[in-house]
Amino acid sequence: MKPKYDRFWLAVALLVFRIGLTKAAGQCTPVSASIYGMYLKGHAFKTVKTTFNGECDLKCMEDPKCQSYNVFIGQNLCELNLRTKEARPEDFIPQLHRYYMKRGNDRAPLGSIPELPAESCGEIKASEGDNMENKEYWIYSDANAGNAILAHCKDAWQKLNTDPVCYGARNDRFGPFRIPKTGLVRTMKLVHKSGSLRCNPIDPDSYWGCTFFRYNNSLLTIITNEKGEAILPSTADMEEAFPTGYSCTEKHFYHLDGIDHKTPELVFRNLSNPLSLSRGQELRIWYGQDWKNCSEDGNNGTICVDVFALYI
């Protein structure tokens, strides 16, 4: 009978430990408390039959995937979860005779190990909050296949390219890149890495547009699909082209609040209908005049960017 008593007192010690304070990195950090009458629905990966109080805590600590657990009060049962209530607040719901407990400070951050991929960088941000680092995490590349990839996350944004995507301003010099993850995207952003473009040899250079007075500080950076159809911004969000008599008569420029010619990041507006993208799909970055093959003879320069997407 001694092993049984040893495990009992170990569980008691663990519970006392969790009620107190844990010293981490020279600071005292409060430990999570149980939340009675609530549980996390739909994220259990294991149901455990318990024989003594505190066994759920032990079972969760034994499995690196475990993020939290639900206890069935009076039934000697608990569920080990792959998520926390912070990651999935919509699934944290009330139910009598249950309680929820988040794993303590030894919890592996979501996406930090191959056994615990996240749905998106946004889910990791929700789970980890300000503790999320700017680095690579394990992310599902395809919800149907269940495959995981290492993806660079910068807060809720996922980086799509490996090498910088470079493009010019004339002669169909678009910048192609491929989508690494299937899913719905709310918007994208481009982060300047190097270079600049000019729409004529006289006016100043720009990262994202044309500084010629007639454009009135417009932006000319367009993301299209492989067919050349505008995605960001959509054609509907572009401004009317110049009157007849000017070579560029089709829509190819726009304005964004807070974005000018040398803003380091070009963040597109959120789409009213999220964009459905597939892994391996090619998208292209164009300079507006090059995209429409108009008024490009005097254009020059090359710009390189990183591409980020906000998956939902």
Side-chain angles (χ1 to χ4, degrees), residues 18 21-22 24-25 27-48 56-57 59-71 78-95 98-160 180-189 270 274 308-312:
R18 286 176 67 89
L21 295 172
T22 299
Q27 295 182 341
C28 291
T29 305
V31 178
S32 300
S34 58
I35 302 176
Y36 282 83
M38 300 291 291
Y39 84 109
L40 190 64
K41 181 180 179 181
H43 299 283
F45 68 93
K46 183 186 293 185
T47 300
V48 177
C56 284
D57 207 65
K59 293 297 184 181
C60 188
M61 291 179 66
E62 289 172 358
D63 196 312
K65 300 188 301 295
C66 185
Q67 299 283 286
S68 66
Y69 57 88
N70 306 314
V71 174
C78 67
E79 295 174 329
L80 307 185
N81 298 321
L82 292 171
R83 295 293 186 269
T84 61
K85 67 179 180 65
E86 289 79 13
R88 292 291 178 167
E90 70 277 10
D91 296 328
F92 191 56
I93 59 177
Q95 187 169 93
R98 290 198 191 189
Y99 72 82
Y100 165 90
M101 175 75 83
K102 182 179 179 180
R103 184 168 174 168
N105 293 332
D106 66 331
R107 181 180 63 85
L110 182 60
S112 64
I113 55 176
E115 301 91 338
L116 191 64
E119 294 291 338
S120 66
C121 295
E123 187 185 31
I124 297 173
K125 180 64 177 177
S127 176
E128 308 306 321
D130 293 339
N131 293 322
M132 182 181 181
E133 300 180 58
N134 180 8
K135 67 173 190 178
E136 288 187 332
Y137 290 90
W138 291 97
I139 303 285
Y140 284 119
S141 62
D142 190 321
N144 295 324
N147 296 324
I149 58 171
L150 271 175
H152 191 103
C153 293
K154 187 176 182 181
D155 288 327
W157 296 88
Q158 180 177 334
K159 186 180 176 184
L160 303 182
K181 170 181 168 61
T182 297
L184 296 176
V185 168
R186 191 179 304 281
T187 190
M188 293 185 183
K189 71 175 179 179
N270 286 351
F308 289 82
L310 195 61
Y311 281 90
I312 58 175

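From Glu119, atom CD reaches atom CD1 of Ile139 across 9.0 Å, with rounding to the nearest 0.5 Å. Atom CD1 in Ile124 sits 9.0 Å away from atom CD in Gln158 (nearest 0.5 Å). Between the CG atom in Asp91 and the NE2 atom in His43 there is a gap of 3.5 Å [rounded to 0.5 Å]. Here the CD1-OH distance, from Ile149 to Tyr137, works out to 15.0 Å after rounding to the nearest 0.5 Å. Atom CG of residue Asn81 and atom OG of residue Ser68 lie 3.5 Å apart, to the nearest 0.5 angstrom. The distance from the SG atom of Cys121 to the CG atom of Asn134 is 10.0 Å, given to the nearest 0.5 Å.
Take Tyr99 and apply the ring pair (Phe, Tyr, Trp, His ring centres under 6.0 Å) test, not counting sequence neighbours, and it matches Tyr36. For Tyr100, the ring pair (Phe, Tyr, Trp, His ring centres under 6.0 Å) criterion is met by Phe92, not counting sequence neighbours.
Residues Asp63 and Phe45 approach most closely at OD2-CE1, 3.4 Å, considering heavy atoms. Contact record, Asp142 with Thr182: OD2-OG1, 3.8 Å, taken as the closest heavy-atom pair. Residue Lys181 comes nearest to Tyr311 through the heavy atom pair O-OH, 2.7 Å, listed as atom of the first residue, atom of the second, then distance. Residues Arg83 and Leu116 share a closest heavy-atom pair of NH1-CD1, 4.1 Å. Listed here is the closest heavy atom pair of Pro109 and Ser112: O-OG, 2.6 Å. Across all their heavy atoms, Glu79 and Thr47 have their closest contact at CG-OG1, 4.1 Å.
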Problem - Step-by-step side chain to side chain contact (heavy atoms under 4.5 Å, CB included) determination, Cys153 to Met132 - result: CA-CA 9 Å; Cys153 293; Met132 182 181 181; 3.5 Å; yes
Practice task
Starting from the C-alpha separation in whole Å, work towards a yes-or-no answer on side chain to side chain contact (heavy atoms under 4.5 Å, CB included) for Asn70 and Met38.
Solution key: CA-CA 8 Å; Asn70 306 314; Met38 300 291 291; over 6 Å; no
Exercise for the section: Step by step, work out the side chain to side chain contact (heavy atoms under 4.5 Å, CB included) result for Leu40 and Gln67. Expected result: CA-CA 11 Å; Leu40 190 64; Gln67 299 283 286; over 6 Å; no
Exercise for the section: With side chain to side chain contact (heavy atoms under 4.5 Å, CB included) as the test, would you mind laying out the steps for Leu160 and Phe308 before giving the verdict? Expected result: CA-CA 6 Å; Leu160 303 182; Phe308 289 82; 6.0 Å; no
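For NZ of Lys46, the number of neighbouring non-hydrogen atoms (other residues, nucleotides, ligands) closer than 6.0 Å is 12 at most. The environment of Lys41 atom NZ is sparse: at most 12 non-hydrogen atoms of other residues, nucleotides or ligands sit within 6.0 angstrom.
In this structure, Met101 and Val71 have side chains that are not in contact, with every pair of non-hydrogen atoms separated by 4.5 Å or more.
Judged by distance alone, the side chain of Ser141 and the main-chain N or O of Asn147 form a donor-acceptor pair under 3.5 Å.
A salt bridge links Glu128 to Arg107: one of the charged nitrogens lies within less than 4.0 Å of a carboxylate oxygen. Residues Lys125 and Glu123 are not paired through a salt bridge, judged by the lack of any N-O separation under 4.0 Å between the basic side chain and the carboxylate.
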